[in-house]
Engineer: 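The structure follows.
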Amino acid sequence: MTRFDSDYVLIYEFEGQELTAETQTTGKDFDYTVVFTADNTVFGEGSYLQVTTVTAFGETQTTEELVSSADFDDEFLSGTYGVSGDLITVTNANGDVSTARITALSANRMVLEPALEEAILAGDVDPGFGLDFDFDGTAVVVLERVQ
């Protein structure tokens, strides 16, 4: 993996008030390999730094976290995969399904736009904190062949 970026906005509604939280995430210092096999298995291993900036209630906070495949099962880049048209679907060991649009593909490079809302909502944490919310955002993952 050579690039990971996401940018999304959550708009909460609470007692007639609209509250907005914006999040930008960027990966850096990649040492993360993704392997696609001929038997339609995909797995990722390694690590990278994830820099996340959240702006809410007029305050901005930035955190940096090491993301390591040793610490979690990569729900998008681990399991069995299938490609149909410009969509790639990955089903992990728990049966959870993730999809991404393939926006560029060559012998040495693949650019994916994961279904970010699906990924955010499938997480263990309720991003709405039990509140009604709207979601808008994008993510980009770039995979380049290692020679």
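Computation of the quantities below employed the complete heavy-atom set of this structure, encompassing side-chain atoms and omitting hydrogens, waters and symmetry-equivalent molecules.
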Engineer: Does the Asn94 side chain pair with the main chain of Asp96, one donor and one acceptor, at a distance under 3.5 Å?
Structural biologist: no
Engineer: I need the single residue from Thr103, Thr99, Thr138, Ile102 that forms a side chain to side chain contact (heavy atoms under 4.5 Å, CB included) with Glu113. Which is it?
Structural biologist: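 Of all the options given, the one that passes is Thr103.
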Engineer: Is there a path from Leu87 to Met110 through hydrophobic residues (I, L, V, M, F, W, Y) whose side chains come within less than 4.5 Å of each other?
Structural biologist: no
Engineer: Residues two or more places apart in sequence or in another chain: which of them pass side-chain contact (heavy atoms from CB on, under 4.5 Å) with Ser84?
Structural biologist: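 Testing Ser84 for side-chain contact (heavy atoms from CB on, under 4.5 Å), a comparison that skips the adjacent residues, returns none.
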Engineer: Atom OH of Tyr8 and atom CD of Gln24: how far apart are they, to the nearest 0.5 Å?
Structural biologist: 9.5 Å
Engineer: List in chain and number order the residues that pass salt bridge (charged side-chain N to carboxylate O under 4.0 Å, His left out) with Asp86, two or more places apart in sequence or in another chain; answer none if no residue qualifies.
Structural biologist: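 Applying salt bridge (charged side-chain N to carboxylate O under 4.0 Å, His left out) to Asp86 gives Arg101.
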Engineer: My understanding is that only residues two or more places apart in sequence, or in another chain, count here; which of them pass ring pair (Phe, Tyr, Trp, His ring centres under 6.0 Å) with Phe36?
Structural biologist: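 By the ring pair (Phe, Tyr, Trp, His ring centres under 6.0 Å) rule, Phe36 matches Tyr81.
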Engineer: Can you name the side chain to side chain donor-acceptor pair (under 3.5 Å) partners of Ser106, sequence neighbours left out?
Structural biologist: none
Engineer: What residues, two or more places apart in sequence or in another chain, satisfy ring pair (Phe, Tyr, Trp, His ring centres under 6.0 Å) together with Phe4?
Structural biologist: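 With sequence neighbours excluded, Phe4 shows a ring pair (Phe, Tyr, Trp, His ring centres under 6.0 Å) to no residue whatsoever.
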Engineer: If you compare all heavy atoms of Ala100 against all heavy atoms of Leu112, which two are closest, and at what distance to 0.1 Å?
Structural biologist: CB-CB, 4.2 Å
Engineer: Keeping the roles fixed (side chain from Ser69, backbone from Gly46), state whether a donor-acceptor pair exists under 3.5 Å.
Structural biologist: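 Yes: the side chain of Ser69 pairs with the backbone of Gly46.
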Engineer: With sequence neighbours excluded, tell me which residues meet side chain to side chain donor-acceptor pair (under 3.5 Å) with Thr26.
Structural biologist: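 Thr26: side chain to side chain donor-acceptor pair (under 3.5 Å) contacts with Asp5.
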Engineer: Linking Ile, Leu, Val, Met, Phe, Trp and Tyr through side-chain heavy atoms less than 4.5 Å apart, which residues share a cluster with Val142?
Structural biologist: Val111, Val140
Engineer: Hey, are Thr62 and Thr53 close enough side-chain-wise for a donor-acceptor pair under 3.5 Å?
Structural biologist: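 Yes - a donor-acceptor pair under 3.5 Å links their side chains.
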Engineer: Report the residues that fulfil salt bridge (charged side-chain N to carboxylate O under 4.0 Å, His left out) with Glu64, sequence neighbours left out, ordered by chain and then residue number.
Structural biologist: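 In terms of salt bridge (charged side-chain N to carboxylate O under 4.0 Å, His left out), with neighbours along the sequence ignored, Glu64 is linked to Lys28.
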Engineer: Output the rest of the hydrophobic cluster of Leu49: all Ile, Leu, Val, Met, Phe, Trp and Tyr residues reachable through side-chain heavy-atom contacts under 4.5 Å, sorted by chain and number.
Structural biologist: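 Result for Leu49 is Leu66.
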Engineer: Which residues pass the side chain to side chain donor-acceptor pair (under 3.5 Å) test with Thr60, sequence neighbours left out?
Structural biologist: Thr55
Engineer: Can you check whether Met1 reaches Val141 side chain to side chain, under 4.5 Å on heavy atoms?
Structural biologist: yes
Engineer: Roughly how far, to the nearest 0.5 Å, is the CG atom of Asn108 from the CG atom of Leu143?
Structural biologist: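 Reported value, rounded in 0.5 Å steps: 12.5 Å.
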Engineer: Mind checking who shares a hydrophobic cluster with Val35, ILVMFWY linked at side-chain heavy-atom distances under 4.5 Å?
Structural biologist: Phe43
Engineer: Holding to side chain to side chain donor-acceptor pair (under 3.5 Å), I want the full list of residues that pass it with Thr2, two or more places apart in sequence or in another chain.
Structural biologist: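 Scan of Thr2 (side chain to side chain donor-acceptor pair (under 3.5 Å), adjacent residues dropped) gives Glu144.
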Engineer: If two hydrophobic side chains count as joined below 4.5 Å and joins carry through other members, does Ile11 share a cluster with Val54?
Structural biologist: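 They do not share one cluster, since no chain of ILVMFWY contacts under 4.5 Å joins Ile11 to Val54.
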